[in-house]
Amino acid sequence: MPENKFKQQIANCTAEAFKVILPELFREKADLYLFDSVWLYEKIEVPKKPDMGNFALPLFEIAKQIGKNPVEVNKILTRAENKFVAEHEEYAHLSFSAAGGFNNARIKTEALAEETLPQILELDEDYGSSEEGKGEKIVIDFSSPNIAKPFGVGHLRTTALGHSLYRIFDKLGYKSVGINHLGDWGTQFGKMIVAFRKWGRHDDLKNDAVLKLYDLYVKYHKEEEKDPVLADEARAAFKKLEMGEHDEAHLWNLFKEVSLDAFKETYKMLGIHFDYYTGESFYNDKMPAVVERLKKAGLTRISQDALIVDLDRFGLPPCIISKADGATLYATRDITGVLYRWETFRFRKALYVVGTAQRDHFKQVFKVIELLEEAENVPPEKRCSQNLEHIEFGWIKFNDKTMSTRKGNIILLDDVIEKAITLAREKIIEKNPDLDTIEQTARQIGIGAVLFADMSARRMKDINFDWDVVLNFEGETGPYLQYTHARLASLLRIYGKDVPVDINYSLLNRSEEHRVIDLLYKFPEVITDAARDYEPYLIGSYLLDLAGAFNKVYQRKDETGRIDKIISDDAELTSARMALVKAVKIVIQEGLYLMGIEAPDEM
RNA sequence: GCCCCCGUAGCUCAGAGGAUAGAGCAGUGGUUUCCUAAACCAUUGGCCGCAGGUUCGACUCCUGCCGGGGGUACCA
């Protein structure tokens, strides 16, 4: 946690003031918590409304324990605090006020600006970066679509969340490792092989291959209902695939290639990079050794002809390692994957960005790893089981129903992106037809809208997919942030000079400006909060606050009702305000970057 | 049945022990001789699912119930 300098100063003043107003108590018990600035620091919170000040200490609890009325204590305390401030030059930028039982503290805008703006201007995109994760790796398993199936919006959440977390942890100094755990193995590929042989043609694999394969998959399921023999054929085909038969392997490889080509196009469009495309099939030859290890550790037993790890005493269903017919399951592959990743990366954390439906599955997998490490007497510092996290999230629904590949009520991600881009293009042509990068900008805005909509709520919430919401560019949306950013860029273009760092900070004295500076100061903390909770939406909602606060500055009216413009004849005032403009631009751009969204300079 | 998640304005969501529960969308009324109106200002709209309990203080924590969703041994 980055320590908040001003908050610490406020805690110091408060501690000193308590010593003054409670001299007897201090003489008796000098180490009491209310004289301890570290303890007070933890108790200080951010007021509900910005106009209540920058920080606040609720006095109810303290007052009760020293047997006094909080409102009375507050009056005396505030007076002592302000006296202390008056006597100490280094605290001169602080002021305290009593509001009922809340001891509110305010930081002078000038001091806040002087602390924050030079830092941002100097560090530029590195503002908010840290070295907390230096030398440590975070392995992030995300996106992981099934091959031979189209990429639906249902798959967007893991993709957007995972990619954002990748960038967030990188910013905090960790080395992020992105793994795309492709769904490229299992009985379903026996089905695909059978379907392709019966109804498919190689020409189908030339254009829109994934969609055509998907049609075959749907057709297969319809036919299978009428003709159960197909299921046997599919199982046989998968068996051959597993044994490495040439014809089956060749087809499977083709499916995989065309799918990867399509996926990579989508990822390229979204600006997403993976360090590894190690799908389920990657672990095929690594599983037998793991199964042996589990057996040797004494964790397994046979139950109903299957090899299982009993987890009953942990309130979990048994983890099936191999089926009655000897075939492995996804749990086996995931266990193998954890062990492989631990050996390969020695990660600080391994994150699995996978939907909430697989909660029990990951509990089982993680528990099996824990039991294995215990059984093998792995020294605590070499264990990974405590570093595994399932980053779960709710469903994307459509008309309040979950989307399913089989039933066909699936919305293709490509369609969503395309519609969003088209709409963005229309808007640009309407509003800024002379823009010479219309295509690129439309792409940035359309994708920004889609990604932001996907990350605008807490992970655990289900999202009901709504075209009107995704295609809305007004209000709390990605395009709103991008628009604000473009405005800032425009101001810098018009200003046309380098923004000086040594400005007169006291000129940034409007309450609207204070709010902006206060928010800029908080950006680093927002990033660590987002990382701690694995919640990119925290960054999004922060950016909305910041953009909103800036837009108020931008459209602030003076006493005569005229817009108080940022660029004016007053050179000194203008340069101070331009420093603010540049700082806001940097933070919005970087914040959007952390969400995987681009920030155009013009739109 | 058991376990988990969600329930806040008409809609989508913030707030997760503290101040009068906040935003956006939708609705209504305004602001531009233009530093990008994809913006800004004002305004309508709330038994925070229900009932108890803990606390100086509960939308927030605990218990029970209701509604929605998910999981619950060989799919992922």
Side-chain angles (χ1 to χ4, degrees), chain A residues 45 47-49 52 56 58-61 63-64 69-70 99-102 104 144 146 183 185-188 280 303-308 310-311 315-325 327-331 333-334 354-361 363-364 392-395 397 400-402 424 427-428 430-432 435 445 449 453 456-458 460-464 466 468-469 472-484 486-495 537-538 541 544-545 547-548 551-552 554-557 561 563 565-568 574 577-578 581 602-603:
Chain A
E45 49 194 58
K48 204 154 204 163
K49 289 181 184 169
M52 293 164 173
L59 293 173
F60 310 98
E61 193 186 340
K64 195 190 176 195
N69 176 317
F102 287 92
N104 292 343
S144 313
N146 292 322
W185 205 248
T187 344
Q188 47 175 326
E280 295 188 62
S303 168
Q304 298 174 30
D305 293 330
L307 186 71
I308 64 155
D310 196 334
L311 299 172
L316 289 167
C319 185
I320 300 175
I321 304 300
S322 64
K323 301 200 273 188
D325 66 2
T328 57
L329 287 105
Y330 70 120
R333 285 187 277 276
D334 273 340
V354 183
T356 190
Q358 294 193 46
R359 174 190 266 254
D360 282 0
H361 162 71
K363 276 192 181 167
Q364 290 175 301
E392 55 185 325
F393 52 84
W395 297 89
K397 298 179 177 181
D400 285 320
K401 290 196 192 101
T402 55
K427 286 232 168 181
I428 296 170
E430 172 197 331
K431 289 163 190 287
N432 193 2
L435 184 64
I445 295 168
S456 56
R458 264 156 47 216
M460 290 308 293
K461 288 256 186 178
D462 290 344
I463 293 177
N464 198 18
D466 183 341
D468 292 340
V469 171
N472 178 27
F473 295 171
E474 288 166 22
E476 298 177 329
T477 65
Y480 169 74
L481 297 175
Q482 292 171 316
Y483 177 75
T484 306
R487 251 184 180 172
L488 292 154
S490 170
L491 284 168
L492 287 165
R493 271 195 307 274
I494 292 164
Y495 184 61
Y537 94 90
L538 289 172
S541 100
L544 291 171
D545 282 348
N551 280 323
K552 282 187 172 63
Y554 186 84
Q555 277 173 234
R556 182 182 170 279
K557 287 180 178 169
I563 297 280
K565 290 194 176 180
I566 287 173
I567 298 175
S568 67
T574 301
R577 289 179 171 178
M578 287 311 294
V581 164
E602 243 182 300
M603 61 188 267

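Residue numbers start from 1 in every chain, and the chains themselves are labelled A, B, ... in the order their sequence lines are given, proteins ahead of strands.
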Are A/N432 and A/K427 side-chain neighbours, meaning at least one heavy-atom pair lies under 4.5 Å? no

Validation row: A/V581, A/L492 side chains within 4.5 angstrom (heavy atoms): yes

What is the separation between atom [atom1] on [X] and atom [atom2] on [N], rounded to the nearest whole Å?
| X | N | atom1 | atom2 | value |
| --- | --- | --- | --- | --- |
| A/I320 | B/C74 | CD1 | P | 5 Å |
| A/K427 | B/A37 | NZ | P | 14 Å |
| A/L544 | B/G22 | CG | P | 18 Å |
| A/D468 | B/C11 | CG | P | 15 Å |
| A/E61 | B/U54 | CD | C1' | 15 Å |
| A/E474 | B/C41 | CD | P | 15 Å |
| A/Q364 | B/C74 | CD | P | 10 Å |
| A/L316 | B/C2 | CG | P | 18 Å |

Hey, what do you get for [atom1] ([X]) to [atom2] ([Y]), rounding to the nearest 0.5 Å?
| X | Y | atom1 | atom2 | value |
| --- | --- | --- | --- | --- |
| A/E476 | A/S456 | CD | OG | 8.5 Å |
| A/N551 | A/R487 | CG | CZ | 5.0 Å |
| A/I445 | A/I428 | CD1 | CD1 | 4.0 Å |
| A/M603 | A/T484 | CE | OG1 | 8.5 Å |
| A/R359 | A/Q364 | CZ | CD | 13.0 Å |
| A/R577 | A/I567 | CZ | CD1 | 11.0 Å |

So which protein N/O to nucleotides 3-5 of chain B N/O distances come out below 3.5 Å?
from : atom 1 : to     : atom 2 : distance (Å)
B/C4 : O2'    : A/R359 : NE     : 3.2
B/C4 : O2'    : A/R359 : NH1    : 3.1
B/C4 : O2'    : A/R359 : NH2    : 3.0

Mapping A/M603 and A/Q188 to their closest nucleotides on RNA chain B, which lands nearer the 5' end? A/M603

Toward the 5' end of RNA chain B, which comes first, A/K49 or A/W395, by nearest nucleotide? A/K49

Base, sugar-phosphate, or nothing: which does [X] touch, judged by heavy atoms less than 4.0 Å apart?
| X | result |
| --- | --- |
| A/I567 | base |
| A/R333 | sugar-phosphate |
| A/L329 | sugar-phosphate |
| A/Q482 | nothing |
| A/T484 | nothing |
| A/D334 | nothing |
| A/A63 | nothing |
| A/Y480 | sugar-phosphate |
| A/E602 | base |
| A/P47 | base |
| A/I428 | base |
| A/A457 | sugar-phosphate |

Partners meeting ring pair (Phe, Tyr, Trp, His ring centres under 6.0 Å) with A/F393 (sequence neighbours left out): none

[atom1]-based separation of [M] from [N] [nearest Å]:
| N | M | atom1 | answer |
| --- | --- | --- | --- |
| B/C40 | B/A76 | C1' | 49 Å |
| B/C13 | B/A51 | P | 25 Å |
| B/A42 | B/C4 | P | 45 Å |
| B/A21 | B/G15 | C1' | 8 Å |
| B/G27 | B/A9 | C1' | 13 Å |
| B/C59 | B/U20 | C1' | 15 Å |
| B/A14 | B/G52 | C1' | 28 Å |

Checking A/T574 against A/S568: is there a side-chain donor and acceptor pair closer than 3.5 Å? yes

Do the side-chain N and O atoms of A/N472 and A/Y480 include a donor-acceptor pair separated by under 3.5 angstrom? no

Look at the side-chain N and O atoms of A/Y537 and state whether any lies under 4.0 Å from the OP1 or OP2 oxygen of B/U12. no

Are any of A/K323's side-chain N or O atoms less than 4.0 Å away from OP1 or OP2 of B/C75? yes

Is any N or O donor-acceptor pair between the side chain of A/D310 and the base of B/A73 shorter than 3.5 Å? no

So does A/S541 reach the base of B/A23 with its side chain, donor to acceptor, closer than 3.5 Å? no

For RNA chain B, just give me the dot-bracket, please: Watson-Crick or G-U, both distances below 3.5 Å, ( ) intra-strand, [ ] crossing earlier pairs, | paired with another strand, . unpaired. (((((((..((((....[...)))).(((((.......))))).....(((((..]....))))))))))))....

Residues passing the side-chain contact (heavy atoms from CB on, under 4.5 Å) test with A/A306, sequence neighbours excluded, are A/I308, A/I320

Sequence neighbours excluded, which residues qualify as side-chain contact (heavy atoms from CB on, under 4.5 Å) partners of A/T187? A/R235

Any N/O pairs under 3.5 Å between the protein and nucleotides 59-63 of chain B? List them or say none.
none

